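In this text the structure is predicted, and so the values were computed from the model without any measurement. What's counted below: heavy atoms across the whole structure, side chains too, no hydrogens, waters or symmetry copies.
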Amino acid sequence: VQLQASGGGVVRAGDSLTLSCANSGSTFNGLSVGWFRQAPGKEREFVAARRSGSTFYADSVKGRFTISRDNTRNTVHLIMNSLKPEDTAVYYCAAGFPIMSTIRTSVGYRYWGQGTQVTVSS
């Protein structure tokens, strides 16, 4: 499994952005996939995850972000709408075998991408 995150950029508040996580080493079959982010001076936090067809979101992004999987391209997307300045962070995709109780933590995510910067100006 080799994850490559892309799609970050500089946008204005209210704009949309789609991040992509490509798996060049294998497929996502059998893997749970998550997105995490880390803002300057803050700890890494959970954003969204997809496990066995179910999706999970942090309260701060629920209703604005959508995690989706494109099996034909072996890619997972994070569609981000109504972006806010507080969404500014480096976003990381991760894959692995988290159990339900740890789906919103980094525990169980064995593979990590390199991160892509998202900056939202007010």
Side-chain angles (χ1 to χ4, degrees):
V1 176
Q2 295 180 336
L3 304 181
Q4 179 78 27
S6 62
V10 180
V11 297
R12 292 184 177 181
D15 284 352
S16 298
L17 201 60
T18 296
L19 305 183
S20 298
C21 179
N23 183 359
S24 62
S26 64
T27 69
F28 281 116
N29 291 341
L31 291 171
S32 297
V33 183
W35 285 94
F36 293 78
R37 67 187 181 187
Q38 187 166 18
K42 294 186 177 181
E43 294 187 353
R44 184 170 56 191
E45 65 175 3
F46 169 78
V47 176
R50 185 181 177 95
R51 180 179 187 271
S52 300
S54 296
T55 55
F56 307 85
Y57 298 95
D59 289 342
S60 59
V61 306
K62 197 174 296 182
R64 299 188 298 122
F65 291 12
T66 302
I67 184 171
S68 67
R69 180 169 149 176
D70 183 347
N71 290 329
T72 61
R73 291 179 172 81
N74 207 28
T75 300
V76 173
H77 301 289
L78 183 68
I79 303 165
M80 305 185 295
N81 297 319
S82 302
L83 283 162
K84 303 175 181 180
E86 51 263 43
D87 294 319
T88 295
V90 177
Y91 284 70
Y92 299 89
C93 62
F97 311 96
I99 59 177
M100 282 301 295
S101 62
T102 64
I103 194 77
R104 291 179 171 84
T105 76
S106 60
V107 175
Y109 291 93
R110 185 179 303 176
Y111 311 102
W112 291 81
Q114 85 290 2
T116 184
Q117 175 72 47
V118 173
T119 302
V120 185
S121 62
S122 57

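Phe97 and Phe28 fall within a single hydrophobic cluster, where Ile, Leu, Val, Met, Phe, Trp and Tyr are joined by side-chain heavy atoms under 4.5 Å apart, directly or via other members. A chain of hydrophobic side-chain contacts below 4.5 Å, direct or via other Ile, Leu, Val, Met, Phe, Trp or Tyr residues, connects Val11 to Val61. Ile67 is connected to Tyr111 through a chain of hydrophobic side-chain contacts under 4.5 Å among Ile, Leu, Val, Met, Phe, Trp and Tyr, so both are in one cluster. The cluster map of Ile, Leu, Val, Met, Phe, Trp and Tyr, joined by side-chain heavy atoms under 4.5 Å apart, puts Val1 and Tyr92 in different clusters. Val120 and Phe65 end up in the same hydrophobic cluster when Ile, Leu, Val, Met, Phe, Trp and Tyr side chains are linked at under 4.5 Å.
Of all heavy-atom pairs spanning Ala89 and Gln117, the tightest one is O-NE2, 3.4 Å. Closest heavy-atom contact between Ser82 and Ser16: N-OG, 4.3 Å. Nearest heavy-atom pair, Ser20 versus His77, reported as atom, atom and distance to 0.1 Å: OG-ND1, 2.9 Å. Taking both residues in full, the closest heavy atoms of Thr72 and Asp70 are given as OG1-OD1, 2.5 Å, listed atom of the first, atom of the second, then distance. Considering every non-hydrogen atom in both Ala95 and Leu31, the closest pair reads CB-CD1, 4.2 Å. Closest non-hydrogen pair, Arg50 versus Ser68, comes out as NH1-CA, 4.4 Å.
Residue Tyr57 holds its OH atom at 10.0 Å from NZ of Lys62, rounded to the nearest 0.5 Å. A distance of 9.5 Å separates CD in Gln38 from CD in Glu45, rounded to the nearest 0.5 Å. Annotation: the span from Asn81 atom CG to Thr66 atom OG1 amounts to 6.5 Å, rounded to 0.5 Å. The OG1 atom of Thr55 lies 13.0 Å from the CZ atom of Arg69; values are rounded to the nearest 0.5 Å.
Between the side chain of Gln114 and the backbone N or O of Ala5 there is at least one donor-acceptor pair closer than 3.5 Å. A donor-acceptor pair under 3.5 Å is formed between the side chain of Thr116 and the backbone N or O of Gly8. Checking side-chain atoms of Asn74 against main-chain N and O of Ala22 turns up no donor-acceptor pair under 3.5 Å. When atom types are taken as modelled, the side chain of Asn23 and the backbone of Leu3 share no donor-acceptor pair closer than 3.5 angstrom.
Checking each of Thr88, Val90, Leu17, Leu78 against Val118 for a side chain to side chain contact (heavy atoms under 4.5 Å, CB included) leaves exactly one that passes, namely Leu17.
Ion pairing between a basic and an acidic side chain is recognised when a charged N comes within 4.0 Å of a carboxylate O; Lys84 and Asp87 show no such pairing.
Tyr109 and Phe36 have their aromatic ring centers within a separation under 6.0 angstrom.
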Practice prompt. Walk me through it: do Arg37 and Ser60 pass the test side chain to side chain contact (heavy atoms under 4.5 Å, CB included)?
Written response: CA-CA 12 Å; Arg37 67 187 181 187; Ser60 59; 3.5 Å; yes
